[in-house]
Amino acid sequence: MSLSEITSRIAKAEAAANRPAGSVHLIAVSKVQPDERVEAVLKEGHRLFGENRVQEAAGKWPAFREAYPETQVHLIGPLQTNKARQAFELFDAIHTLDRMKLASTFARLAQETGHCPELFVQVNTGEEDQKAGIAPAEADAFIKECTALDLPVAGLMCIPPVDEEPSLHFALLAKIAARNGLTGLSMGMSSDFESAIALGATHVRVGSAIFGARAYEL
Ligand SMILES: *Cc1c(COP(=O)(O)O)cnc(C)c1O
């Protein structure tokens with residue numbers, strides 16, 4: 001597949017859901033991909049990328065950003081508190097706000113630096129032990145605490161369990177967002193972004209369908 005194929009499938013999914021053209025942001029997930037593949041997508045004009053490790057992003061994005069100045073990079077993987085400061089410098093948005101300790105660290109850094117990346121609260125919709133995220137039952141209270149800290153929460157993010165119908169999880173995430181007055185929904189990957197768009201995704205995170213299979217999994 002290719003970037004243009006994915007963007008046209010997104011446009012079709014927007015239209016099918018009666019959503020305005022361009023209402024879905026495509027995050028091209030470039031983790032683990034060789035620099036040549038990433039640069040090819042930059043050359044095609046795409047400017048929004050996702051990475052799931054601070055270290056990896058720090059290695060490749062400063063130079064790419066210099067060459068392609070409008071580029072935005074979002075963190076979509078788990079963040080250790082001791083890397084929060086570096087993440088603040090590197091990323092335009094962080095999709096993995098998943099615990100109170102990280103929220104208070106962000107609030108302190110925001111005060112200190114005068115800026116804060118756009119934030120998404122990760123919700124563990126499948127309540128999986130091995131997965132990060134706030135439990136659905138605790139999401140409302142957590143979002144309120146983040147708002148009380150003046151954090152710029154744009155919306156919610158989820159990664160559905162691999163063996164379940166993703167649309168149930170997308171619908172649950174959309175419901176939690178709606179009742180908390182949040183409009184951003186980071187959901188949908190290579191295999192399911194169209195159903196995520198049907199259920200309101202504003203940010204889809206697509207990796208392998210754009211760049212090809214990753215050489216290894218993180
Ligand atoms: C790797 C990753 C993606 C992209 O996965 P693909 O199946 O390659 O599209 C999306 N979201 C997260 C959180 C990821 O870690």
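Computed from a predicted model, the values in this text were never measured in an experiment. All ligand and atom numbering here is 1-based and tracks the order in the structure. The analysis underlying the following values was restricted to heavy atoms, covering all of them including side chains, and did not include hydrogens, waters or symmetry mates.
- For the pair Arg99 and Thr81, the tightest heavy-atom approach, listed with the atom from each and the gap, is NH2-OG1, 2.9 Å.
- Side-chain contact between Leu172 and Pro136 is present, with at least one heavy-atom pair separated by less than 4.5 Å.
- Interface atoms of ligand 1 facing Gly207, defined by a heavy-atom separation under 4.0 Å, are 4 (C), 6 (P), 8 (O), 9 (O).
- Among pairs with a residue in residues 175-189, those fulfilling salt bridge (Lys or Arg N to Asp or Glu O under 4.0 Å) read Asp140-Arg179, at least two apart in sequence or across chains.
- Each of Glu51, Lys31, Arg65 was evaluated against Lys60; a single residue qualifies, Glu51, per the side-chain contact (heavy atoms from CB on, under 4.5 Å) test.
- For Arg214, the closest heavy-atom approach to ligand 1 falls below 4.0 Å.
- Per-residue contacts place Ile159 under 4.0 angstrom from the following atoms of ligand 1 (heavy atoms of the residue considered): 13 (C).
- Only the side chain of Asn52 comes within 4.0 Å of ligand 1, counting heavy atoms alone; its backbone N, CA, C and O stay farther away.
- In this structure, Glu66 has no salt bridge (charged side-chain N to carboxylate O under 4.0 Å, His left out) partners at least two apart in sequence or on a different chain.
- Selection from Met189, Arg205, Lys31 by nearest heavy atom to atom 2 (C) of ligand 1 gives Lys31.
- When ring centroids are compared, Phe64 and Phe49 stay outside the 6.0 Å threshold.
- Against a heavy-atom cut-off of under 4.0 Å, Ser208 is close to the following atoms of ligand 1: 6 (P), 7 (O), 8 (O), 9 (O).
- The contact set between ligand 1 and Val206, taken as ligand atoms under 4.0 Å from a residue heavy atom, comprises 9 (O).
- Note: no N/O pair closer than 3.5 Å links Ala209 and ligand 1 by distance alone.
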